[in-house]
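A quick write-up on the structure given underneath.
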Number of protein chains: 2
Amino acid sequence: MTDTPSCSHCAPPCCSLDVSGAEQERLVMMFKALGNPIRFEILKFLVTHPGCITGDIVDTLPLAQATVSQHLKVLREAGWISGITEGPARCYCLNAENIAWFREQIVQIMG
Amino acid sequence: MTDTPSCSHCAPPCCSLDVSGAEQERLVMMFKALGNPIRFEILKFLVTHPGCITGDIVDTLPLAQATVSQHLKVLREAGWISGITEGPARCYCLNAENIAWFREQIVQIMG
DNA sequence: TACGTTTATCGTATTTATACGATAAATCAT
DNA sequence: ATGATTTATCGTATAAATACGATAAACGTA
């Protein structure tokens with residue numbers, strides 16, 4: 001690999017992408033989780049229906065309950081949402097703290 | 001599905017996620033492309049090596065040339081990078097316009 | 001205790017993503 | 001033209017994601 005760029009058609013960097021280690025892993029995980037149209041829709045639904053239960057989400061999607069439960073798990077483990085047990089059901093909300101963290105990271109590394 | 005939330009443990013929405021249609025599709029595509037550690041590394045490398053060619057990127061990764069070429073295609077089609085033919089090689093840069101668009105979208109819908 | 005309700009998990013089928021070697025395409029230099 | 005260099009694409013093998021039905025787990029209620 002050469003140290004000098006092979007061409008000069010590129011503008012100076014528009015962003016730093018200054019992140020690494022565990023933070024980068026976490027960021028990639030969040031990117032991956034939202035890189036799916038179903039999961040993006042679920043997140044959108046939770047904005048207008050905070051505190052809804054799994055069944056409510058299942059009813060809005062053309063998917064089996066087991067599949068939706070898996071998607072919710074991915075979103076939970078990535079930190080986009082959090083679920084609180086409420087009797088036999090599970091109440092889902094956006095994870096405001098992590099969403100804010102993600103936004104700040106994007107602003108910083110792509111700003 | 002019930003119209004009233006089944007629990008009340010959730011704070012008011014921390015974001016709007018106000019996006020839909022083609023813009024949402026594009027956003028999901030960009031999320032998906034960066035939801036892979038190799039592609040994230042490639043993007044980071046391009047910050048410090050603007051205008052490098054495919055071979056330079058291949059040399060920094062423990063992957064075959066064909067594989068890297070595929071990853072570059074994903075990043076290109078998602079709009080994160082752009083490649084300009086320069087002789088027999090291909091000079092890669094960050095796509096500043098699209099990166100800025102992504103950042104603005106995140107700030108808006110998650111702000 | 002037994003039953004209805006709700007959700008997660010298991011096992012599995014299918015699709016998609018990832019990876020590689022081999023080859024083709026494009027360009028430059030000889 | 002021939003050969004060297006660089007990259008993309010093809011074919012294919014393997015790994016991971018996605019989907020489903022069936023079942024188990026947890027809870028409230030009769």
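In what follows, chains are A, B, ... by sequence order, proteins preceding strands, each numbered from 1. Quick caveat, the model's predicted, so the values are computed rather than measured.
Heavy-atom distances under 4.0 Å link DNA chain C to Lys32(B), Asn36(B), Arg39(B) of residues 28-40 of chain B, given in residue order.
When the C1' atom of dA8(C) is taken as reference, atom CG of Leu75(A) falls 15 Å away, rounded to whole Å. To the nearest angstrom, P of dT18(C) lies 13 Å from NZ of Lys73(B). Spacing between atom CG of Leu72(B) and atom P of dT6(D) amounts to 16 Å, rounded to whole angstrom units. The distance between atom CD1 of Ile53(B) and atom C1' of dA8(D), rounded to the nearest whole Å, is 14 Å. A straight line from CG of Leu61(B) to P of dT7(D) spans 13 Å, rounded to a whole angstrom. In this structure, the CD atom of Glu86(B) is 9 Å from the P atom of dC28(C), given to the nearest Å. Protein atom CG of Asp59(A) is 13 Å distant from nucleotide atom C1' of dT7(C), rounded to whole Å.
Checked by atom type and distance alone, the side chain of Arg39(A) pairs as donor or acceptor with a backbone atom of Ala33(A) at under 3.5 Å. With hydrogens and angles disregarded, a donor-acceptor distance shorter than 3.5 Å links the side chain of Asp56(B) to the backbone of Ile53(B). Not a single donor-acceptor pair under 3.5 Å links the side chain of Trp80(A) to the backbone N or O of Leu94(A).
Using a 4.0 Å cut-off, no side-chain N or O of Arg90(A) falls inside it from OP1 or OP2 of dT6(C). Side-chain nitrogen and oxygen atoms of His71(B) include none within less than 4.0 Å of the OP1 or OP2 phosphate oxygen of dA17(C). Between dA8(C) and Tyr92(A), a contact under 4.0 Å exists linking OP1 or OP2 to a side-chain N or O. Put simply, Thr54(B) has a side-chain N or O that comes within less than 4.0 Å of OP1 or OP2 on dT7(D).
For Arg76(B), taking side-chain heavy atoms from C-beta onward, the closest of the listed nucleotides dT18(D), dA8(D), dA8(C) is dA8(D). Residue Pro88(B) has its side chain nearest to dC28(C) when only dA19(C), dT7(C), dC28(C) are considered.
Val19(B) and Ile38(A) fall within a single hydrophobic cluster, where Ile, Leu, Val, Met, Phe, Trp and Tyr are joined by side-chain heavy atoms under 4.5 Å apart, directly or via other members.
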Pairs under 3.5 angstrom, nitrogen or oxygen only, protein versus nucleotides 20-24 of chain D, please.
residue	atom	partner	partner atom	Å
dC20(D)	OP2	Ala64(A)	N	2.7
dC20(D)	OP2	Thr67(A)	OG1	2.9

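Aromatic ring orientation, Phe102(A) versus Phe31(B): parallel (interplanar angle below 30°, classes split at 30° and 60°).
Closest of all the heavy-atom pairs between Gly79(A) and Asn95(A) is O-CB, 3.2 Å.
In the model, Arg26(B) has a side-chain atom that pairs as donor or acceptor with a side-chain atom of Asn98(B) under 3.5 Å.
No more than 12 heavy atoms of other residues, nucleotides or ligands lie within 6.0 Å of CD in Glu97(A), so this atom counts as exposed by the packing criterion.
Cys93(B) pairs with Cys10(A) as a disulfide, the SG atoms being under 2.5 Å apart.
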